[in-house]
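A quick write-up on the structure given underneath.
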Amino acid sequence: MDLRVGSGLPNIQKKDLETFSLYIHESIVQNKIATTLSTIDDLINLEEKKNNSLENLKKGLIQNMFI
């Protein structure tokens with residue numbers, strides 16, 4: 001955000017991009033991060049499936065109450 005210039009359509013100057021440095025983790029660290037995020041994503045998906053199953057059970061129980 002500090003590199004933006006202009007008021008109508010803010011942009012970044014090429015000279016600023018050429019001097020901009022970006023730290024990139026080593027591939028081992030990247031793999032560990034990716035593995036951790038994949039594990040968390042799998043846990044989220046599992047919890048969503050459990051939640052859907054419980055919602056379906058709730059709907060079924062509510063329907064049975066009124067029969």
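No experiment lies behind these values; they were computed from the predicted model shown.
To the nearest 0.5 Å, atoms OG (S38) and CG (L43) are separated by 11.0 Å. Atom CD1 of I33 is separated from atom CD1 of I28 by 12.0 Å, given to the nearest 0.5 angstrom. The distance from the NZ atom of K58 to the CG atom of N51 is 10.0 Å, given to the nearest 0.5 Å. A distance of 10.0 Å separates CD in E26 from NZ in K32, rounded to the nearest 0.5 Å.
Sorted by first then second residue, the ring-ring contact (aromatic ring centres under 6.0 Å, His included) pairs that include residues 25-62, not counting sequence neighbours, are Y23-H25.
Residue I62 shares its hydrophobic cluster (ILVMFWY side chains chained together at separations under 4.5 Å) with M65, F66.
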Exercise for the section: Apply salt bridge (Lys or Arg N to Asp or Glu O under 4.0 Å) to K50 and E47, showing your working. Expected result: CA-CA 5 Å; K50 286 181 185 178; E47 292 300 320; 3.6 Å; yes
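Among residues two or more places apart in sequence or in another chain, the side chain to side chain contact (heavy atoms under 4.5 Å, CB included) test is passed with L61 by L57.
L46 is not connected to L37 by any chain of hydrophobic side-chain contacts under 4.5 Å among Ile, Leu, Val, Met, Phe, Trp and Tyr, and they are in different clusters.
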